[in-house]
Amino acid sequence: MMTKGSNTALVCVAAVLLRWCVSLHPYSGQGKPPMYGDYEAQRHWQEVTVNLPVAEWYVNTTDNDLQYWGLDYPPLTAYHSYLCGLAARRVNASFVALHESRGYESETHKLFMRYTVLVADLLVYLPAAYCLMSVLAKWRAGRLEFVCLLLYPGLYLVDYGHFQYNNVSLGLFVMAVAALTSGRDCIGAVLFCLALNYKQMELYHALPFFFYLLGTCFRQGGVLGLLWKMTKLGCCVVLTFSAVWLPFASNATVLSQALRRLFPFERGLFEDKVASVWCSLSVFVKLKTLVDNRNMALICLLSTVVCMLPSSLHLVARPTLRHLRYALLNASLVFFLFSYHVHEKTILLAAVPACMLVSEEPFMTTWFLTVSTASLLPLMIQDGLTLPLLALGVLFMALTHHYILPSTEKVAKRTRMWVWMRRTYFLSVAGLAFLTAATLFVQPPDRLPDLFPVLLAIYCCGHFVFFCLYFHYCQFTLKYNNNNNNSAVSNNNNAKKHVQRK
Ligand SMILES: *[C@@H]1O[C@H](CO)[C@@H](O)[C@H](O)[C@H]1NC(C)=O
Ligand SMILES: *[C@@H]1O[C@H](CO)[C@@H](O)[C@H](O)[C@H]1NC(C)=O
């Protein structure tokens, strides 16, 4: 008989195996001078950080041309690049030689870079998923979340194929949620600040964290309790930020340069064909010519804030861990749909909170995860990763179909709503399959070369709007129990509840 431990080990082995299979495929910008892609960006940051003093990392100098992949992530990314750069120099100094190594590519180097992602996964992401599983185990949940976090294909297609280190920031984020779930709010705040200082995109999750902690502060009983907890949390946040930014603090211009690099307003509303509201709208209304960048950024900010309010305010009033996880998913969906400078990869920030909800909403989250994987298609075609995307997408659907749809079906056979939802699911997947096939095999008309990727983006955007509304509905109708621990995860049959609510 299989024990729980050996099951966990098997899932880990499968996760590593799948990741390593993806890593054999090309990366973004492979053999495409002069700019290459994200792989070269990461390599270039290693080159810059090991060769230049800290004060010059974010500054345009003769040795650091910011127009060629200048650092535009917060310091933790830079420190990570520095460590990888030190390792690279030991393997072969020509990997990171200043100026000379631009566009460096070789089989050995690819292997080295892939190993750095694997190390980050083994040190941060896997332990984070494991921590989440163990803290959720108290409420007889967490195993599905663990499997889903490890096997959701979008994340490792981007990290091991396209090439990035999303696993670090998302791993820190998952660990922060695990810390909050086990009642260690200060550690959670510190971990979240670290995630935010690795990639500023973690701002997507910042509001739910903030409002959850604020809500728990108000529940301390008495003004003194409130003040004490607020002071504690404030100290954690300030100390973490200070520690991370300390090396840059010597000089105000260095600091302001670094900050300006993190929020690049000149880069435009969206990149390529992304399934956000603005990109879909711009098919019908030429937003980019109608409104200038600065005003557009304002419009994005306003619409994001307005759409964020309902779920955030609800979270302050009901700061339980279940509400938090729904709010995290809702916030990241709203950000993805409405914010400025969105990229296809950004959907990962919504996918990871969705993985953390899979035992609450098995059907809807896996549907969402499937659509989010498909929305990566144009990016993957660019990088030569179509085959792994299709294979892993089908594998993921088969897995979730086997484990999730039949088990909930038994309970749900009676409700008409459920039958209707299942039909919609199959229709939606058929639509995805059709658009994917069209993107890959049908010659578009000459006037509209991007016809099918744009249709796919609009199709996915429609889904994301629907999921956003649905998960908002879920958050607002969750039963509220003042005792935080009991309401953290429902411990009776989730599937049954899931259906009754409809
Ligand atoms: C940065 O420096 C490079 C030369 O080192 C120059 O070509 C480029 O225009 C500079 N960029 C900015 C934004 O000043
Ligand atoms: C390092 O890389 C250079 C350039 O690709 C190559 O000629 C050299 O043999 C490599 N050195 C080692 C020790 O592998």
Asks: Keeping the roles fixed (side chain from Y326, backbone from L357), state whether a donor-acceptor pair exists under 3.5 Å.
Replies: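 The answer is no, because no donor-acceptor pair under 3.5 Å joins these two groups.
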Asks: Quick one: closest heavy-atom pair of C474 and E361, and the distance?
Replies: SG-OE2, 3.4 Å
Asks: Taking it one step at a time, do W278 and V342 satisfy side-chain contact (heavy atoms from CB on, under 4.5 Å)?
Replies: CA-CA 9 Å; W278 304 121; V342 172; over 6 Å; no
Asks: Should V117 and F163 count as side-chain neighbours, where that means a heavy-atom distance under 4.5 Å?
Replies: yes
Asks: Y68: which residues meet the side-chain hydrogen bond (donor to acceptor under 3.5 Å, both in side chains) condition with it, sequence neighbours left out?
Replies: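 Y68 satisfies side-chain hydrogen bond (donor to acceptor under 3.5 Å, both in side chains) with E40 once adjacent residues are dropped.
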Asks: Scan side-chain atoms only and decide if E105 and Y36 contain a donor-acceptor pair under the 3.5 Å cut-off.
Replies: no
Asks: Do the ring planes of W57 and Y82 sit parallel (below 30°), tilted (30 to 60°) or perpendicular (above 60°)?
Replies: tilted
Asks: Got more than 12 heavy atoms from elsewhere within 6.0 Å of OH, Y130?
Replies: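 Incorrect, the count does not exceed 12.
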Asks: What's the shortest heavy-atom distance between N51 and E47, and which atoms?
Replies: ND2-O, 2.8 Å
Asks: Using ring pair (Phe, Tyr, Trp, His ring centres under 6.0 Å), reason through F368 and Y470 one step at a time and then give a plain yes or no.
Replies: CA-CA 11 Å; F368 168 68; Y470 175 80; over 10 Å; no
Asks: Tell me if the OH atom of Y79 is crowded by more than 12 foreign heavy atoms within 6.0 Å.
Replies: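 Enclosed: over 12 neighbouring heavy atoms sit under 6.0 Å from OH of Y79.
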Asks: Return yes when atom OH of Y115 has more than 12 non-hydrogen atoms of other residues, nucleotides or ligands closer than 6.0 Å, and no otherwise.
Replies: no
Asks: For the residue pair S372 and Y152, confirm or rule out a side-chain donor-acceptor distance under 3.5 Å.
Replies: yes
Asks: Answer yes or no: does atom CZ of R184 have more than 12 heavy-atom neighbours from other residues, nucleotides or ligands under 6.0 Å?
Replies: no
Asks: Between Q67 and M35, which heavy-atom pair has the shortest distance, and what is it?
Replies: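 Scanning both residues completely, I find the closest heavy atoms to be O-CE, 3.8 Å.
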Asks: Per the side-chain contact (heavy atoms from CB on, under 4.5 Å) rule, which among H109, Q30, Q164 passes with Y39?
Replies: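 Testing Y39 for a side-chain contact (heavy atoms from CB on, under 4.5 Å) against H109, Q30, Q164 leaves exactly one candidate, H109.
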Asks: Is there a donor-acceptor pair closer than 3.5 Å between any side-chain N or O of S276 and the backbone N or O of F338?
Replies: no
Asks: Keeping S101 on the side-chain end and L98 on the backbone end, is there a donor-acceptor pair under 3.5 Å?
Replies: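 Looks like no, no N/O pair under 3.5 Å.
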Asks: Let's go through Y160 and D121 carefully: what are the C-alpha distance in whole Å and the side-chain angles of both, what is the deciding distance for side chain to side chain donor-acceptor pair (under 3.5 Å) to 0.1 Å, and is it a yes or a no?
Replies: CA-CA 10 Å; Y160 288 76; D121 242 353; 2.7 Å; yes
